[in-house]
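In what follows, a structure is listed as structure tokens, so that the remarks can point back to it.
The chains referred to below are lettered A, B, ... by the order of the sequence lines, with proteins before strands, and numbering in each begins at 1.
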Amino acid sequence: MKHAAEAVDAEIARWQAEFLRGVQSPHGTEHELAGTGLWSDLEAATRHRLEVYRTGHYARVSYTLADTLFERASALLSREVMAGILGRFFEAHPASAPNLVAASEGVAKFAKMLDDVSEHPWIPDFLTLCERRWAVLTGPDPSPATLHTAASTESSTEAGAESVPHPACSKLQANHFFLASEFAVFSLWNAADDEIADIPSGSLDACVPQAMLLFKSSALTLENVLVPQDFFPFVQALSNGSTLLDAIDALDSQAVDPEALDAAAFGAFVTSLAARGAFATHTIR
Amino acid sequence: MTLVPAPVLHAMWGVGLRPAHFSHWRATPDLPPWLEVMADNHMFHQGGPGLVCLDRLAARTGILLHGVGLSIASAEAPEARYLEALRALSCRLDAAVISDHLCFTRAAGRESYDLLPIPHTAKMLGHVCSQVARVQVALGEKGACFALENVSSYVSFSTNEMSEMEFLREVCTRTGCGLLLDVNNVYVSARNHGFDARSELAKVDPQHVRQYHVAGHSEAEDFLHDTHDAPVRGEVWELLRYSLGRTGPRPVILERDDEGAHAEDLVREIREGLRL
């Protein structure tokens, strides 16, 4: 009985694999499938319609993501160009995850290797930003119990004290992403926003290093913080898991000239992060 | 496993919930009796505005959960991670029906993201019934809410031993699974393969039907294409009324994937189609 069931499974696996090979073939279903068992199992009058599934597959993997996950990239590059990058990615890396977004992981890295993308070297970082924004947004929501906001800090400190969390027991929320880019990803992101749209992307100098910190201040709100260049090491240390105290130490040790650091600007930056809910309190054991 | 039959859902209508309409439904005081949530769009999320919106809508109206990635007819067993995510979302939203399609989407470890047709043979029937039983167990207390939907197809197998509705009737009889009857899909497949849609609907056991779908389609060179981007055709409404006459009232969901369609227009279309 067991052998019979295994034989049925093997037969199903055989024709389904053939079907999918045809659907994902860059050369067309007839080219791929003529002469196979599946080809002879199909009604001759309907075989040519296998192409419906093939064109549907490529449209789905390219345009669905170009219109959602990579919508801002489509706004900058055009929908067709973005869909073309995705189409080539899935041709080279057939999807194995039932979740299309998960299956697209690696598009940014793949884009680095494309000749036509190399003319616009900011594209891979921008695609990374698209991917990671989505990951943070749909990742775990911040817990109100541990989220350290200016309001919660103020209530626990004396009047007049700075509204920053306790440095030794505060870390960045686990669900965050820090992108330090050689390119102006933050400005490009805003330029691609229809609702902002006051920065024409054509006039942007993309070759300006920018860094962004992404986290959620609530289930509904994604915070995008432009990180000043002087504070990159500080935020990088936080992103690597350091406490606020250790990250401040890292900033001191990595600064070319610690004296040149604008303490007031740094204080304002940390306060702003705290006010937007970047920090979570953790227990010191 | 013995399934406690899911309650029959009467006399109502609804629409497929699409992200473009989230803000409309959040703001409108009168929600349709049912909203159908695309499970795959949300089930792998751990947080974020989409889940918040679904929670709020689920507190105000009935939720039906519809998936596209289960791949019930694949040679390989449904993915445990997928089933767990589906179960968790169905419990979270207290979904009254959890449905997916009679098709395969995955083979040899690869995903097609499309609803690929299967031959309707006795061998395939046995295989699908085994897979349905696995899904019902994995869904736990929600297992009785599971239903399979007939698909639109463009190619047909010369090895078919029964029609799609005969196949589904057997699956439902043997497993206790429900039927999500997509009347547009019956119409499209009937035209594409040259059979009579009404005769095919007559093969349905009315007791199996938990829910209906209606949608629009478009005409291609020598076939109809189930595109969900046009109003429901009059012939499809007629078929729906015929089938409702056999089954009695069930939730009827209008599916529309055209981004430009307004939620109010969908409500108007389905209410007019059902003559409410």
Original post:
Taking the side chain as C-beta and beyond, is there a heavy-atom pair between B:Leu65 and B:Met43 under 4.5 Å?
Top reply: no

Original post:
Do you know the tightest heavy-atom contact between A:Leu137 and A:Lys216?
Top reply: O-NZ, 2.8 Å

Original post:
Can any side-chain N or O of B:Lys142 pair as donor or acceptor with the backbone N or O of B:Ala95 at less than 3.5 Å?
Top reply: yes

Original post:
Hey, which residues of residues 149-164 of chain B are touching chain A, say heavy atoms under 4.5 Å apart?
Top reply: B:Ser152, B:Ser153, B:Tyr154, B:Val155, B:Ser156, B:Phe157, B:Ser158, B:Thr159

Subject >> Whether B:Thr28 side chain and B:His24 backbone form a donor-acceptor pair below 3.5 Å >> reply: no

Subject >> Sidechain-backbone polar pair: A:Ser74 side chain, A:Ala66 backbone, donor-acceptor under 3.5 Å >> reply: yes

Subject >> Contacts with chain B made by residues 32-45 of chain A (heavy-atom distance under 4.5 Å), listed by residue number >> reply: A:Leu38, A:Ser40, A:Asp41, A:Leu42, A:Glu43

**OP:** Calculate, to the nearest 0.5 Å, the distance between atoms CH2 and CG belonging to A:Trp134 and A:Leu65 respectively.
**Re:** 10.5 Å

Original post:
By number, which residues in residues 113-120 of chain B have some heavy atom less than 4.5 Å away from chain A?
Top reply: B:Tyr113, B:Asp114, B:Leu115, B:Leu116, B:Pro117, B:Ile118, B:Pro119

Original post:
What parts of residues 20-30 of chain A touch chain B if we use heavy atoms and a cut-off under 4.5 Å?
Top reply: A:Leu20, A:Val23, A:Gln24

**OP:** Look up atom CG in A:Leu226 and atom CZ in A:Phe186, then write down how far apart they are to the nearest 0.5 Å.
**Re:** 5.0 Å

Subject >> Which of A:Ala219, A:Pro98, A:Gly139, A:Ser96 touches chain B most, by non-hydrogen pairs under 4.5 Å >> reply: A:Pro98

**OP:** Tell me yes or no: between the side chains of A:Asn99 and B:Asp40, is some donor less than 3.5 Å from an acceptor?
**Re:** no

**OP:** Grab the two heavy atoms, one from B:Gly48 and one from A:Asp141, that are nearest each other, plus how far apart they are.
**Re:** N-OD1, 2.8 Å

Original post:
When only pairs under 4.5 Å are counted, which of B:Ala108, B:Ala85, B:Pro19, B:Ala73 shares the most heavy-atom pairs with chain A?
Top reply: B:Ala73

**OP:** Scan A:His176, A:Gln173, A:Arg276 and name whichever one has a side chain to side chain donor-acceptor pair (under 3.5 Å) with A:Glu223.
**Re:** A:Arg276

**OP:** Check for a donor-acceptor pair, side chain of B:Ser90 on one end and backbone N or O of B:Arg87 on the other, with a separation under 3.5 Å.
**Re:** yes

Original post:
Where do B:His21 and B:His262 land on the side-chain contact (heavy atoms from CB on, under 4.5 Å) test, with the steps shown first?
Top reply: CA-CA 8 Å; B:His21 298 154; B:His262 294 290; 5.6 Å; no

Subject >> Reported CE-to-CG distance for the pair B:Met38 and B:Leu64, which is rounded to 0.5 angstrom >> reply: 12.0 Å

Original post:
Under 3.5 Å, side chain of A:Thr221 to main-chain N/O of A:Ser217, donor-acceptor pair present?
Top reply: no

**OP:** Please check if the side chain of B:Arg191 supplies one atom and the backbone of B:Leu224 the other of a donor-acceptor pair under 3.5 Å.
**Re:** no

Original post:
Who wins among B:Ala75, B:Ala220, B:Ser71 for the most heavy-atom pairs under 4.5 Å with chain A?
Top reply: B:Ala75

**OP:** With a 4.5 Å cut-off on heavy-atom pairs, point out which of B:Gly69, B:Gly50, B:Gly126, B:Ser74 contacts chain A the most.
**Re:** B:Ser74

Original post:
Quick one: do B:Asp229 and B:Arg256 make a salt bridge, cutoff under 4.0 Å?
Top reply: no

Original post:
Under 4.0 Å between a Lys/Arg side-chain N and an Asp/Glu carboxylate O for A:Glu105 and A:Arg132?
Top reply: no

Original post:
Say you draw a straight line from CE of A:Met212 to CZ of A:Phe178; how long is it, rounded to the nearest 0.5 Å?
Top reply: 11.0 Å

Original post:
For A:Val101, does its backbone N or O pair with a side-chain atom of A:Ser104 as donor and acceptor, under 3.5 Å?
Top reply: yes

Original post:
So which part of B:Glu79 gets closer than 4.5 Å to some heavy atom of chain A, the side chain, the backbone, both or neither?
Top reply: side chain

Original post:
For B:His42, is it the side chain, the backbone, both, or neither that has a heavy atom closer than 4.5 Å to a heavy atom of chain A?
Top reply: neither

**OP:** Give, as side chain, backbone, both or neither, the part of B:Asn41 having an atom under 4.5 angstrom from any heavy atom of chain A.
**Re:** neither

Original post:
For A:Val136, is it the side chain, the backbone, both or neither that has a heavy atom under 4.5 Å from a heavy atom of chain B?
Top reply: neither

Original post:
Is the shortest distance from a Lys or Arg side-chain nitrogen in B:Arg81 or B:Glu84 to a carboxylate oxygen in the other one below 4.0 Å?
Top reply: no

Original post:
Where does B:Ser130 contact chain A at under 4.5 Å (heavy atoms): side chain, backbone, both or neither?
Top reply: neither

**OP:** Please examine the side chains of B:His217 and B:Val236, heavy atoms only from C-beta on, and report whether any two atoms are closer than 4.5 Å.
**Re:** yes

Subject >> Options A:Arg47, A:Arg14, A:Glu11, A:Arg60, ranked by heavy-atom pairs under 4.5 Å with chain B, top entry >> reply: A:Arg60

